[in-house]
Amino acid sequence: MVLEKSGVATLGGQYFFLHERYRDHRAPGHERADAPAYFRQLGGSAFLKPLAGSRGDFAQPIRSEAALAAYLDEVSRYYDSVLIQPIASGREYRIFLLDDEVIYATRKTPPSLTGDGIRSVRELLAADDIALHARGISSAAAPCNHCALEMVLAKGEQWAIPGRMNRSAGGTMQFESPENEHAAFAMAQHAARALGLRAAAVDLFTDVGGDCDALRVIEVNANPSIRFLEDSGRPELILKIWRHTFAAIGLLDV
């Protein structure tokens with residue numbers, strides 16, 4: 001809401017609370033009972049995620065009201081609220097900023113299954129779900145085409161799991177700037193300024209819906225992980241980030 005009021009294009013959406021407590025302190029229209037009507041406004045399919053979640057936990061597309069009810073039942077065990085957004089497609093990037101300076105940009109790609117020539121997609125997803133649960137992350141969403149679940153992938157064949165891109169959920173990142181980097185970087189800088197952040201990792205879509213000029217901010221991370229930099233062997237970027245942090249809080253005079 002803050003970003004949109006500042007003129008930053010986002011994916012939009014509405015938030016809904018899953019529990020009755022504090023209801024008297026909230027404006028009407030954002031309770032769980034209101035969620036199905038908004039879901040129908042979006043055409044009966046939407047992307048949902050916890051409003052205060054992380055690591056891709058419970059971030060997935062939902063394509064029916066029955067699936068929506070089951071999803072909200074499950075998520076309410078762990079979170080107080082969810083965000084319901086239109087489903088969007090595009091190339092996803094993360095742009096890391098320090099005081100308006102672009103430190104690096106990465107392209108994000110979804111997690112994938114690797115075939116062994118024996119197990120079906122359903123079986124591979126089940127094994128992947130076990131690994132996710134061990135890390136405290138929800139199961140991956142099954143494909144809407146259930147015939148795909150019975151496919152047996154050839155040994156070494158990759159099959160992308162649509163939805164979330166988070167590394168903790170199996171997604172990957174690589175250093176890469178958007179083709180329209182000038183506009184993308186400017187949008188990321190605008191978003192960080194709108195939120196008053198000196199350090200931020202801005203996740204955004206480019207080429208939304210196939211339009212090369214369409215950009216949308218997905219979210220802005222105020223405390224992003226640097227594990228990708230550790231795994232990529234980029235200590236100079238880690239040191240730059242830490243130096244900025246220590247200088248900003250007065251522990252370094254640089």
Side-chain angles (χ1 to χ4, degrees), residues 1 10-23 26-90 92 108 110-113 119-153 159-166 168-171 203 205 208-209 216 218-219:
M1 294 173 66
T10 71
L11 296 178
Q14 286 290 344
Y15 57 93
F16 297 91
F17 296 97
L18 304 179
H19 301 286
E20 290 293 313
R21 62 180 179 274
Y22 305 125
R23 183 169 184 171
R26 303 194 290 253
H30 296 279
E31 304 306 317
R32 172 171 176 164
D34 302 309
Y38 182 70
F39 184 75
R40 289 190 290 271
Q41 288 181 34
L42 297 180
S45 62
F47 193 85
L48 278 78
K49 58 185 177 182
L51 190 58
S54 64
R55 303 182 301 155
D57 197 24
F58 289 107
Q60 64 189 74
I62 300 295
R63 302 184 186 277
S64 73
E65 287 198 43
L68 173 67
Y71 173 90
L72 296 178
D73 284 343
E74 179 67 11
V75 173
S76 66
R77 297 171 55 199
Y78 306 96
Y79 296 98
D80 290 326
S81 55
V82 296
L83 181 65
I84 302 181
Q85 298 178 301
I87 294 177
S89 63
E92 185 171 339
K108 303 177 74 173
S112 62
L113 303 173
R119 290 179 292 175
S120 67
V121 168
R122 184 190 303 276
E123 292 170 314
L124 292 172
L125 277 173
D128 185 64
D129 286 348
I130 292 172
L132 289 173
H133 281 291
R135 300 198 296 271
I137 302 172
S138 63
S139 301
C144 55
N145 176 9
H146 290 284
C147 293
L149 289 171
E150 307 310 325
M151 290 192 309
V152 174
L153 302 178
W159 193 87
I161 304 174
R164 53 197 175 191
M165 300 280 195
N166 308 69
S168 53
D203 293 339
F205 276 136
V208 177
R216 297 289 186 277
I218 302 168
E219 63 184 26

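Just the heavy atoms: all of them, side chains too, but no hydrogens, waters or symmetry mates, feed the values below.
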Between the CG atom in Leu113 and the CG atom in Leu125, the distance rounded to the nearest 0.5 Å is 5.0 Å
CD1 of Ile84 to CG of Leu72, rounded to nearest 0.5 Å, is 6.5 Å
Note to self: Would you call the rings of Tyr38 and Phe16 parallel, tilted or perpendicular, taking 30° and 60° as the class edges?
What the structure shows: tilted
The side chain to side chain donor-acceptor pair (under 3.5 Å) partners of Ser89 (sequence neighbours excluded) come to none
The reported gap from CG in Leu124 to CE in Met151 (rounded to nearest 0.5 angstrom) is 10.0 Å
Check whether any side-chain heavy atom of Ile87 sits under 4.5 Å from a side-chain heavy atom of Arg63, and report yes or no. yes
(request) Determine, step by step, whether Arg32 and Asp73 satisfy the side-chain contact (heavy atoms from CB on, under 4.5 Å) criterion, reporting the C-alpha distance in whole Å, the side-chain angles of both residues, the deciding distance to 0.1 Å, and the verdict. (result) CA-CA 10 Å; Arg32 172 171 176 164; Asp73 284 343; 2.8 Å; yes
- Determine yes or no for a side-chain-to-main-chain donor-acceptor pair under 3.5 angstrom, with His30 supplying the side chain and Phe17 the backbone. no
| task | State, with a plain yes or no, whether a side-chain heavy atom of Val208 is found less than 4.5 Å away from one of Leu11. | result | no
*asked:* Assess the residue pair Gln41 and Gln14 against the criterion (side-chain contact (heavy atoms from CB on, under 4.5 Å)); give the C-alpha distance rounded to whole Å, side-chain angles, the decisive distance to 0.1 Å, and a yes or no.
replied: CA-CA 11 Å; Gln41 288 181 34; Gln14 286 290 344; over 6 Å; no
Rounded to the nearest 0.5 Å, the CD atom of Glu123 sits from the CG atom of Leu149 at a distance of 11.0 Å
Of all heavy-atom pairs linking Tyr15 and Met1, the shortest is CE2-SD, 3.9 Å
dist Ile62:CD1 -> Ser45:OG (nearest 0.5 Å) comes out at 10.5 Å
Tightest non-hydrogen contact, residues Arg26 and His19, listed as NH2-O, 3.0 Å
Nearest heavy-atom approach of Trp159 to Ala148 is CZ2-CB, 4.3 Å
In this structure, CD1 of Ile161 is separated from CD of Gln60 (nearest 0.5 Å) by 12.0 Å
For Asp34 and Gly29 the tightest heavy-atom approach is OD2-C, 3.1 Å
- Kindly indicate, with the supporting measurements, whether the criterion side-chain contact (heavy atoms from CB on, under 4.5 Å) is fulfilled by Val82 and Tyr71. CA-CA 10 Å; Val82 296; Tyr71 173 90; 4.3 Å; yes
Correct closest heavy-atom pair for Pro50 and Val75 would be CG-CG1, 4.4 Å
Return yes if a side-chain donor-acceptor contact under 3.5 Å exists between Tyr79 and Asp57, otherwise no. yes
Pair Arg21, Asp80 - check side-chain contact (heavy atoms from CB on, under 4.5 Å), show working.
CA-CA 10 Å; Arg21 62 180 179 274; Asp80 290 326; 2.6 Å; yes
Of all heavy-atom pairs linking Lys49 and Ile218, the shortest is NZ-CG2, 4.0 Å
- Message: Within the 4.5 Å heavy-atom criterion, are Pro86 and Leu42 side-chain neighbours or not?
- Response: yes
